[in-house]
Trainee: 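My structure is below; once you've seen it, I'll send some questions.
Fair warning: this is a prediction, and the values are worked out from it, not measured in the lab. Per chain, numbering begins at 1; letters A, B, ... match sequence-line order.
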There are 4 protein chains.
Amino acid sequence: MRSESSSFLGRARRDQIVRATIELLADVGYGATSLSAIAEKIGASKGVVSYHFAGKDELLTQVVNSVLQDAAAFMAPRVQTASGAPAKLRAYVQANLQFLGEHRDDIRALTAILTSLPPGSDGLPVYAAAGRDAVEALATLLRTGQDTGEFRDFTPSVVARSVRAAIDAVSELLNVEPDLDVSAYARELLALFEPGVLA
Amino acid sequence: MRSESSSFLGRARRDQIVRATIELLADVGYGATSLSAIAEKIGASKGVVSYHFAGKDELLTQVVNSVLQDAAAFMAPRVQTASGAPAKLRAYVQANLQFLGEHRDDIRALTAILTSLPPGSDGLPVYAAAGRDAVEALATLLRTGQDTGEFRDFTPSVVARSVRAAIDAVSELLNVEPDLDVSAYARELLALFEPGVLA
Amino acid sequence: MRSESSSFLGRARRDQIVRATIELLADVGYGATSLSAIAEKIGASKGVVSYHFAGKDELLTQVVNSVLQDAAAFMAPRVQTASGAPAKLRAYVQANLQFLGEHRDDIRALTAILTSLPPGSDGLPVYAAAGRDAVEALATLLRTGQDTGEFRDFTPSVVARSVRAAIDAVSELLNVEPDLDVSAYARELLALFEPGVLA
Amino acid sequence: MRSESSSFLGRARRDQIVRATIELLADVGYGATSLSAIAEKIGASKGVVSYHFAGKDELLTQVVNSVLQDAAAFMAPRVQTASGAPAKLRAYVQANLQFLGEHRDDIRALTAILTSLPPGSDGLPVYAAAGRDAVEALATLLRTGQDTGEFRDFTPSVVARSVRAAIDAVSELLNVEPDLDVSAYARELLALFEPGVLA
DNA sequence: CATGAATGAGAGTTCATTCAT
DNA sequence: CATGAATGAACTCTCATTCAT
């Protein structure tokens with residue numbers, strides 16, 4: 001099925017497989033997410049997955065892209081709507097946590113894949129790129145605020161990395177406390193970071 | 001595995017195996033750290049590993065414990081020596097980053113294991129316990145500072161989790177920038193967090 | 001597969017499939033000549049091949065027959081035209097080499113199939129029949145020459161098999177030396193065999 | 001088992017596996033010679049084969065080398081003992097046919113492998129090398145005879161290829177006529193070729 | 001006629017584990 | 001203590017075939 005024909009049925013099957021893969025990754029982890037397990041979950045034979053995806057790699061890539069696109073589609077408008085660097089930062093944190101709360105399986109699946117991929121040939125983790133992109137985007141936001149004098153003088157990459165890490169940590173917390181009030185958590189995070197960031 | 005024999009030789013062999021496992025985990029990742037690879041690395045047969053450890057699980061548990069104990073042994077005196085909550089927090093962050101810088105393989109191995117272990121039977125990640133302990137210890141420190149009026153009124157677990165996450169993020173950064181000045185990074189982290197934490 | 005329909009379109013499709021199969025066999029070998037590869041080569045779906053041929057076996061049989069018929073159609077008039085056993089033998093060798101030179105893919109495909117088919121249920125190679133027929137035809141020619149006194153007294157089947165083998169060996173040589181002068185090679189072959197054959 | 005320790009047991013097992021593989025190749029052909037079939041034949045699990053050989057490739061390479069070495073060991077002394085090019089040629093043909101008669105399975109296995117391997121990346125069959133070596137060795141013998149004036153003036157490579165092909169053809173014949181008198185056949189071959197070769 | 005979807009068997013390979021020596 | 005041998009399960013992937021549309 002190399003055709004991008006996007007025949008309705010083919011598309012639906014692929015989506016179904018991606019969804020099943022996400023749920024498995026979230027539920028049983030990377031190691032237990034085999035093609036057999038995926039096939040069983042959708043009530044089909046093993047060959048179906050191989051038919052719709054060139055291989056496990058393509059499937060996992062699809063999962064990663066799917067989640068990243070969803071996240072970007074959710075985040076972008078909320079951050080861009082806000083005016084001024086401080087407001088954008090608030091929107092960034094709040095939107096992030098809201099997305100985390102609403103897409104737990106997706107995030108767990110993403111994490112499972114990214115942390116389980118073997119180190120690349122250069123010795124660096126494969127996911128370094130994805131992570132670095134996210135940090136870089138936030139750093140740019142921070143740098144903009146520094147240029148306008150809204151933010152203090154700090155090293156943007158350090159703060160960006162720390163804020164992102166603090167946000168990502170919520171994902172794990174959600175596994176333990178499913179009823180967490182993510183909105184309140186976002187306010188607490190901002191209360192923690194804003195004093196050190198705002199001018 | 002008459003493990004209680006604790007003969008000198010047996011102890012040495014176990015340590016050697018644990019070290020080899022740590023290096024492999026750091027170098028080639030969880031997936032490529034097979035018993036054969038470990039055996040090959042120490043120039044022995046596969047059976048040796050199975051002989052000294054009940055199974056792969058016990059070996060990995062040993063690796064985790066080993067690293068956690070080293071970290072605790074390094075951290076504890078530095079934090080306890082400092083007097084006053086703010087000083088203890090500074091010591092905590094600085095000692096943490098110093099340890100990260102000096103034990104990169106250990107940390108990478110630890111991360112590889114903890115992020116790759118499948119979710120436990122209760123659906124929660126196995127490493128939740130270890131992580132929770134670390135956060136809880138820091139939260140206690142923060143709570144103490146709040147009791148003495150040295151720290152503001154925030155939710156200790158939220159701040160503790162965020163600080164830990166910011167610290168842990170440095171581990172990945174070290175893979176990309178091996179020459180990172182961890183001491184300077186620690187100062188930047190404190191400059192970021194202290195305004196939001198100190199009373 | 002309503003194969004007796006022999007509609008123009010159906011006939012054309014079958015021929016197209018057979019041609020594609022021959023090219024694949026010649027280019028990538030027996031093992032890589034899958035139904036998918038054939039379908040891809042003609043820009044159609046896998047089902048097409050299955051529709052026009054009862055199975056892979058029938059397709060390969062068709063390929064073999066097709067090539068054998070072409071060869072027979074090329075050889076027969078050239079040999080029959082020559083008068084006298086020695087002239088027929090010369091025509092046989094020359095026509096054979098000429099055909100080899102002009103139908104390399106066909107020959108390679110034929111060889112790929114015949115050498116890759118599993119031994120038949122009787123333990124004998126499936127292609128034994130085809131090979132035996134070719135040897136037998138040449139042996140008959142030789143026997144005729146012996147009867148007329150033009151050829152020496154030798155065992156016809158031995159000489160026939162040897163001549164055929166020497167001819168077939170040129171097929172492999174053509175893969176290595178595509179510019180081989182087959183006509184000159186034919187003369188050398190005759191110079192080698194005629195002293196032992198002619199009376 | 002990468003060790004060349006040549007422990008008696010390991011060596012025996014490897015030999016046993018190679019023998020089983022040869023018999024399978026001879027009996028059921030290349031396509032049906034799977035690792036499972038091999039394992040079943042020696043009454044062991046599939047893993048055993050993988051344990052003793054790095055992969056199927058290494059096993060098949062071993063088979064090829066094993067047969068080629070046996071053949072060389074058989075042929076070399078017989079040819080070298082003969083004095084004079086004509087005698088060497090006679091010894092070559094006779095020894096070859098004798099070996100063919102005594103090692104049918106080996107030859108069938110060798111043929112199965114060499115004809116079934118896919119074309120190399122250069123488009124040429126992998127076995128071209130092995131075949132070319134054999135032809136080249138015989139061509140050298142012929143050339144020597146020409147230099148001494150014992151042989152006529154012909155193109156050595158053409159004659160060498162033809163003689164080799166005539167010899168190889170006997171291998172197939174042996175499948176059909178197991179009781180063939182190879183010694184008599186050798187005499188007939190020599191009677192066919194010598195008139196065209198001897199000065 | 002043709003397609004895309006699905007199946008199920010079988011391939012080679014890897015791995016943790018067990019055990020006799 | 002240590003080894004080499006063996007197992008058996010699981011894995012990804014490929015393929016010929018079938019079938020509803």
Side-chain angles (χ1 to χ4, degrees), chain A residues 1-3 5 7-10 12-14 31-39 42-57 59, chain B residues 1-2 5 7 9-10 12-13 31-39 42 44-57 59, chain C residues 1-2 5 7 9-10 12-13 31-39 42 44-57 59, chain D residues 1-3 5 7-10 12-14 31-39 42-57 59:
Chain A
M1 242 275 311
R2 233 157 254 96
S3 75
S5 75
S7 67
F8 288 130
L9 291 176
R13 216 25 163 172
R14 278 177 71 98
T33 302
S34 65
L35 295 193
S36 335
I38 296 169
I42 65 174
S45 81
K46 247 183 347 177
V48 171
V49 183
S50 290
Y51 174 75
H52 286 280
F53 295 89
K56 206 186 185 185
D57 281 4
L59 172 54
Chain B
M1 227 282 309
R2 304 88 181 166
S5 77
S7 66
L9 290 177
R13 251 313 199 207
T33 302
S34 65
L35 293 195
S36 339
I38 296 168
I42 65 174
S45 81
K46 243 187 333 183
V48 173
V49 183
S50 292
Y51 178 81
H52 285 282
F53 295 89
K56 207 185 186 187
D57 283 2
L59 171 54
Chain C
M1 228 283 306
R2 302 88 182 165
S5 78
S7 65
L9 290 178
R13 250 314 196 207
T33 301
S34 64
L35 293 194
S36 339
I38 296 168
I42 65 173
S45 81
K46 244 187 330 184
V48 172
V49 183
S50 293
Y51 178 80
H52 285 281
F53 295 89
K56 207 186 185 186
D57 283 2
L59 171 55
Chain D
M1 241 272 313
R2 232 156 254 98
S3 75
S5 75
S7 66
F8 288 130
L9 291 176
R13 210 34 159 167
R14 279 177 70 98
T33 302
S34 65
L35 295 193
S36 334
I38 296 169
I42 65 173
S45 81
K46 239 183 355 173
V48 171
V49 183
S50 289
Y51 174 75
H52 286 280
F53 295 88
K56 205 186 185 185
D57 281 4
L59 171 54

Trainee: I need the minimum non-hydrogen distance between Leu35(A) and Ser50(A), along with the two atoms involved.
Mentor: CD1-OG, 4.1 Å

Trainee: Tell me which nucleotide, if any, is Watson-Crick or G-U wobble paired with dC11(F) when both distances must be under 3.5 Å.
Mentor: dG12(E)

Trainee: Quick check: on DNA chain F, is the nucleotide nearest Ser45(D) upstream (toward 5') of the one nearest Gly31(A), or the reverse? Name the residue that is more 5'.
Mentor: Ser45(D)

Trainee: Provide the closest heavy-atom pair for Ala44(A) versus Arg13(A) in the form atom of the first, atom of the second, distance.
Mentor: CB-NH2, 3.7 Å

Trainee: Looking at every non-hydrogen atom in both residues, tell me the closest pair between Lys46(D) and Ser36(D) and how far apart they are.
Mentor: CD-OG, 3.5 Å

Trainee: Specify the separation, in whole Å, of atom CD1 of Ile42(C) and atom P of dC1(E).
Mentor: 14 Å

Trainee: Given atom CZ of Phe53(D) and atom P of dT14(E), what is their separation to the nearest angstrom?
Mentor: 15 Å

Trainee: Please give the nucleotide sitting opposite dC1(F) as a Watson-Crick or G-U wobble pair, both distances under 3.5 Å, or none.
Mentor: none

Trainee: Verify the contact: side-chain N or O of His52(D) to OP1 or OP2 of dG4(F), cut-off strictly under 4.0 Å; return yes or no.
Mentor: no

Trainee: Specify the closest pair of heavy atoms between Ala37(B) and Ala32(B), including all atoms of both residues, with the distance to one decimal.
Mentor: CB-O, 3.9 Å

Trainee: Just the rounded figure in Å: distance from P of dA11(E) to CD1 of Ile38(D).
Mentor: 10 Å

Trainee: Out of Ile38(A), Leu59(A), Val48(A), which one pairs with Phe53(A) under the side chain to side chain contact (heavy atoms under 4.5 Å, CB included) rule?
Mentor: Leu59(A)

Trainee: Look at the side-chain N and O atoms of Tyr51(C) and state whether any lies under 4.0 Å from the OP1 or OP2 oxygen of dC1(E).
Mentor: no

Trainee: Find every protein N or O atom lying less than 3.5 Å from an N or O atom of nucleotides 16-19 of chain F, and list the pairs.
Mentor:
from: dA16(F); atom 1: OP1; to: Lys56(C); atom 2: NZ; distance (Å): 2.5
from: dA16(F); atom 1: OP2; to: Leu35(C); atom 2: N; distance (Å): 2.8
from: dT17(F); atom 1: OP2; to: Lys56(C); atom 2: N; distance (Å): 3.0
from: dT17(F); atom 1: O4; to: Lys46(C); atom 2: NZ; distance (Å): 3.4

Trainee: By nearest heavy atom, map Ala44(A) and Ala32(B) onto DNA chain E; which one lands nearer the 5' end?
Mentor: Ala44(A)

Trainee: In whole Å, what is the span from the CZ atom of Arg13(A) to the C1' atom of dA5(E)?
Mentor: 8 Å

